[in-house]
Amino acid sequence: MNLLKIGADGAGSQVRKAIGGKYLSWNYDYMGVVATLKFSEATSNVVAWQRFLPTGPIALLPLNDEMSSLVWSLPNDRAKQVLELSAESFVDAVNDAFWKQHKQEQVVVDTTRSLGRTLASILPFSTSSPGSQQLQPTVASVEEGSRAAFPLGFGHASYYARLGAVLIGDAAHRIHPLAGQGVNLGFGDVKCLAEILATSAQNGTPLGQLKPLLDYERQRQLHNLPLMLGVDGLHRLYTANNTVAALARGVGVTVVEALTPLKGFFAKYAAS
Ligand SMILES: Cc1cc2nc3c(=O)[nH]c(=O)nc-3n(C[C@H](O)[C@H](O)[C@H](O)COP(=O)(O)OP(=O)(O)OC[C@H]3O[C@@H](n4cnc5c(N)ncnc54)[C@H](O)[C@@H]3O)c2cc1C
């Protein structure tokens, strides 16, 4: 066989259905509300902001000095409500989500604070990055027609490769956007597949042969699955509504904030 079909057709992939195999998947009953937002004044807009709320994370991703892209995870019914708000009320709701202080259980506040102090006293690392001194810009308006909502879910194909066919990107795996890793995973698939196909072509192996495709599948599943399950766990942790989960959230953030090299590790792993 000298033919290779590459399934790059997204989470609802027809190619994945055609090649068969199990697809492990679940819905979060959450939607990702997206919009293009404009600030009240131009600013050096180079920082991506994300706030974890009891209802799910809200993130601003820079587009230019005056605009950012919104990704706001909300339970399905709340997502539909915010889509129907007037533009003015929508902007108020976004600013509220970023600025409003939420009531926290005292045990969580105390434990997080004392853990932070302990870590700061014993670790030689800084407890915050320069970026964290900055305040996120206030949103002034939403671009007309830019609001939309997409269902969020988890999905993973048991096979990325079959004889003459291979899956890449969301066709093979789908994750919650809270870590902003969906596109990176897909880029990683493309890089890995291109390298493996180039090597096998140099060795005279016909395109579409199973062995190099299985090498691709093994390498990418080893990389993708742990990250995907970690992101799924984070979503569950941050949206669980009880003191134990709130404590774990506080401790997790404090630890990752304090251990700067650990943060570097997470960032490097996600980018590899
Ligand atoms: C609300 C939301 C926010 C997100 N935010 C982020 C983020 O901040 N950072 C990040 O990295 N990722 C994010 N993601 C994930 C990211 O969007 C996906 O991981 C990425 O788009 C996957 O790219 P892909 O090319 O594999 O699939 P897709 O982007 O789904 O592209 C598949 C393409 O195939 C086409 N197609 C499908 N079927 C057929 C067919 N039968 N014939 C021809 N064409 C077909 C589709 O029209 C589409 O153009 C987010 C996702 C959502 C839902």
Side-chain angles (χ1 to χ4, degrees), residues 5-19 23 25-37 45-53 55-64 67-76 78-80 82-83 90 94 97-98 136 142-143 145-157 159-161 165-194 216-217 220-221 223-225 227-232 234-235 238-239 266-272:
K5 182 187 283 182
I6 299 179
D9 48 347
S13 174
Q14 294 301 319
V15 178
R16 185 183 67 237
K17 287 169 193 157
I19 69 176
Y23 181 61
S25 67
W26 49 83
N27 285 323
Y28 290 124
D29 295 328
Y30 270 66
M31 295 187 105
V33 174
V34 298
T36 305
L37 303 174
N45 187 24
V46 291
V47 177
W49 295 95
Q50 178 152 243
R51 188 175 190 210
F52 287 89
L53 297 165
T55 45
I58 181 166
L60 281 183
L61 311 166
L63 290 174
N64 58 35
M67 289 200 239
S68 275
S69 200
L70 172 79
V71 182
W72 189 4
S73 305
L74 286 168
N76 287 344
R78 179 69 187 134
K80 285 173 194 151
V82 302
L83 280 187
F90 181 77
V94 169
F98 268 110
Q136 77 264 19
V142 54
E143 291 290 283
S146 69
R147 271 188 277 175
F150 300 91
L152 301 180
F154 177 101
H156 190 259
Y159 295 107
Y160 289 11
V166 75
L167 301 175
I168 60 170
D170 274 26
H173 42 69
R174 175 185 181 209
I175 58 170
H176 193 291
L178 73 84
Q181 288 305 315
V183 171
N184 273 350
L185 291 186
F187 286 160
D189 295 346
V190 172
K191 181 169 179 282
C192 177
L193 182 61
Y216 158 78
E217 176 182 276
R220 291 313 292 165
Q221 289 192 341
H223 178 277
N224 296 346
L225 253 182
L227 185 88
M228 295 177 69
L229 293 173
V231 169
D232 179 69
L234 268 181
H235 165 70
Y238 274 95
T239 49
F266 283 137
K268 207 166 151 195
Y269 182 85
S272 66

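For the numbers below, each heavy atom of this structure counts, side chains included, while hydrogens, waters and symmetry mates do not. We're numbering straight along the sequence, starting at 1. Counting starts at 1 for both ligands and their atoms, following the listed order.
Of the listed residues (G169, G7, G10, S69), the one carrying the non-hydrogen atom nearest atom 27 (O) of ligand 1 is G10. Looking at Y30, W72, F150, it is F150 that brings a heavy atom closest to atom 53 (C) of ligand 1. Looking at P177, A179, A48, it is P177 that brings a heavy atom closest to atom 6 (C) of ligand 1.
Considering all non-hydrogen atoms of both residues, Y30 and T239 come closest at OH-CG2, 3.3 Å.
Only side-chain heavy atoms of V34 come within less than 4.0 Å of ligand 1; its backbone N, CA, C and O stay farther off. In L61, the part holding a heavy atom less than 4.0 Å from any atom of ligand 1 is the side chain. No part of A59 comes within 4.0 Å of ligand 1, judged by heavy-atom distances. Residue-level proximity to ligand 1 for Q181 is carried by the backbone, the only part with a heavy atom below 4.0 angstrom.
S13 pairs by the side chain to side chain donor-acceptor pair (under 3.5 Å) definition with D9, not counting sequence neighbours. The salt bridge (Lys or Arg N to Asp or Glu O under 4.0 Å) test applied to D170 returns no partner, not counting sequence neighbours.
Using a 4.0 angstrom heavy-atom cutoff, A8 counts as in contact with ligand 1.
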Worksheet entry | CA sep, side-chain torsions, deciding dist, call: N45, N64, side-chain contact (heavy atoms from CB on, under 4.5 Å) | CA-CA 6 Å; N45 187 24; N64 58 35; 5.5 Å; no

Worksheet entry | side-chain contact (heavy atoms from CB on, under 4.5 Å) evaluation trace for L63 with S69 | CA-CA 7 Å; L63 290 174; S69 200; 4.2 Å; yes

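Atom 22 (C) of ligand 1 is approached by the protein to below 4.0 angstrom, counting heavy atoms only. Of the protein's heavy atoms, none falls inside 4.0 Å of atom 35 (C) of ligand 1. In this structure, atom 44 (N) of ligand 1 has no protein heavy-atom contact shorter than 4.0 Å.
Every atom of ligand 1 is numbered from 1 in the order shown, and the set under 4.0 Å from a heavy atom of G182 is 10 (C), 11 (O), 12 (N), 19 (O). Distances below 4.0 Å separate heavy atoms of V71 from the following atoms of ligand 1: 3 (C).
Among all protein heavy atoms, the one lying closest to atom 7 (C) of ligand 1 is G180 CA, 3.9 Å. Looking from atom 41 (N) of ligand 1 to the surrounding protein, the closest heavy atom is Q14 CG, 4.4 Å. Of all protein heavy atoms, the one lying nearest to atom 40 (C) of ligand 1 is D9 CB, 4.7 Å. Looking only at heavy atoms of the protein, atom 11 (O) of ligand 1 is closest to V183 N, 2.9 Å.
Taking any N or O of D170, backbone or side chain, at least one lies under 3.5 Å from an N or O belonging to ligand 1.
For the pair R174 and F154, the cation-pi criterion (under 6.0 Å, within 45° of the ring axis) is not fulfilled.
Between the side chains of H235 and H176, at least one donor N or O lies within less than 3.5 Å of an accepting N or O. For the residue pair Q181/N184, the side-chain donor-acceptor check at 3.5 Å is satisfied. Defined by atom type and a distance below 3.5 Å, a donor-acceptor pair is missing between the side-chain atoms of D189 and Y160.
Within 6.0 Å of OH in Y28 there are more than 12 heavy atoms belonging to other residues, nucleotides or ligands.
Judged purely by atom type and a 3.5 angstrom limit, Q50 has no side-chain atom pairing as donor or acceptor with the backbone of L60.
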